[in-house]
Number of protein chains: 2
Amino acid sequence: MTQELFASYSFLLDRTARKVKHYAQQQFKFGKFDVTVDQWLVLKNLAERPQVSQTELAQLVLKDHPTLTRIIDLLSKKGLVQRVQHPQDRRSFQLHLTAKGENKVAALKPRILEIREKAWENLTESDFHEFKRILNTIYQNLDTNSGV
Amino acid sequence: MTQELFASYSFLLDRTARKVKHYAQQQFKFGKFDVTVDQWLVLKNLAERPQVSQTELAQLVLKDHPTLTRIIDLLSKKGLVQRVQHPQDRRSFQLHLTAKGENKVAALKPRILEIREKAWENLTESDFHEFKRILNTIYQNLDTNSGV
DNA sequence: TACCAATAGTTAGTGTGACAAATATATGAA
DNA sequence: TTCATATATTTGTCACACTAACTATTGGTA
């Protein structure tokens, strides 16, 4: 494959990723979800794994620690998440959803699946698998932590 | 296709786009390119289309006006780009590369193609076309300005 | 001529991302 | 015990995305 051929993939990838995020954010706003897309990602992971530490959560959602700190700050200001001291390790927090947070996740989850579905009009299930395979291959090609 | 199946595409898309950008940015830093990935995108487009206005350029690189304003500010601080008053329309600027900017583009272009190539190891040319097709379909599905 | 909608660009506010450095705490070795 | 090192989190800085509001200018129209 020549260099010229795929010189544009990063542009297409970036613009599509931004479009997806932007579209979701618009829908969130329109539906008065009162969270951002990134805040939702954190909430969803917390719902699935209560009691995780910030470090564990940062790995799950692939955000760095400073970014996660700020997102947790915002979510706890909104009363959706609480930091609780780890019983053994006083450096660490255990994060968990408040009752309000649980309700938020339950209420939003189905609506967000609907929003996500929109992107796949005119595409098949095998397109989806191809897409996933290529994305993951690219990711691994550039991931210096994996394998090499 | 069920909802659950593709619930994760946005996460994969986002993480891959960030990995691609991050990888490029690391290489830029390591090679002392002294520009960010987004600044490079602007420089490259300016090299191909001298004399564009900021509005035209914003459409080419898919950035909004405030973002482009700041990127141009940064590039002109570095002495790579100049704003010149449009001869007829005093609201508008014509952007062009300085000699230093031209040299920068010429020097970096081949090195950046190499960096971009890394992502496509273990993938075929038809993977690339599939990928492009799916990305563009998703983009159009979510683009409220197109068609509908 | 006077008005007014549209256009070009800038500024400000909020949220996020990467990175470096600082703080606090924990842990293992001498 | 004490010191070096590692871990968990926070803070600060710079860059970018998006929205909204603003200035200045242009061009059409009453």
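Please read all numbers here as calculations on a predicted model, not as lab measurements. Lettering follows sequence order; numbering is per chain, from 1.
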Quick check: are there more than 12 heavy atoms from other residues, nucleotides or ligands sitting under 6.0 Å from CZ of B:Arg133? yes
I want to verify a distance call: between D:dT11, D:dT19, C:dC19, whose nearest atom is closest to the A:Lys29 side chain? D:dT19
Figure out the CD/C1' separation between B:Glu56 and C:dA8, and round it to whole Å. 11 Å
Could you check B:Gln54 against A:Pro66 and say which one's nearest nucleotide on DNA chain C is further toward the 5' end? B:Gln54
Result for 5'-nearest mapping on DNA chain D, choosing between A:Gln26 and A:Arg70, is A:Arg70
Examine the side chains of A:Thr137 and A:Gln140 and answer whether a donor and an acceptor come within less than 3.5 Å of each other. no
Testing B:His65, B:Arg83, B:Gln94 one by one against B:Gln54 for a side chain to side chain donor-acceptor pair (under 3.5 Å), which residue passes? B:Arg83
Cluster link B:Leu74 to B:Leu68, ILVMFWY, side chain under 4.5 Å: no
Going from CG on B:Leu13 to CZ on A:Phe131, what distance comes out if it is rounded to the nearest 0.5 angstrom? 4.5 Å
Ranking C:dT16, C:dG9, C:dC19 by distance to the side chain of B:Thr69, first place goes to C:dG9
Rounding to an integer number of Å, can you tell me how far A:Lys19 NZ sits from D:dA17 C1'? 13 Å
Which part of the nucleic acid, if any, lies within contact of A:Leu74, taking any heavy atom under 4.0 Å across all strands shown: a base, the sugar-phosphate backbone alone, or nothing? sugar-phosphate
Could you check whether A:Thr55 gets within reach of a base, just the sugar-phosphate, or nothing at all, counting any heavy atom under 4.0 Å? sugar-phosphate
Do any of residues 76-97 of chain B sit with a heavy atom less than 4.0 Å from DNA chain D, and if so which? B:Gln88, B:Asp89, B:Arg90, B:Arg91
Identify each donor-acceptor pair in which a side-chain atom of residues 20-33 of chain B lies under 3.5 Å from a protein atom, sequence neighbours left out, and give them as a table.
from: B:Lys21; atom 1: NZ; to: B:Asp38; atom 2: OD1; distance (Å): 3.4
from: B:Lys21; atom 1: NZ; to: B:Asp38; atom 2: OD2; distance (Å): 2.9
from: B:Gln25; atom 1: OE1; to: B:Val37; atom 2: N; distance (Å): 3.0

Give the rounded distance in Å between these two atoms: CG of A:Asp64 and C1' of D:dA8. 14 Å
Regarding B:Gln25, tell me which of base, sugar-phosphate or nothing describes its non-hydrogen contacts under 4.0 Å with the strands shown. nothing
Rounded to whole Å, the CD1-P distance (A:Ile72 to D:dT11) equals 14 Å
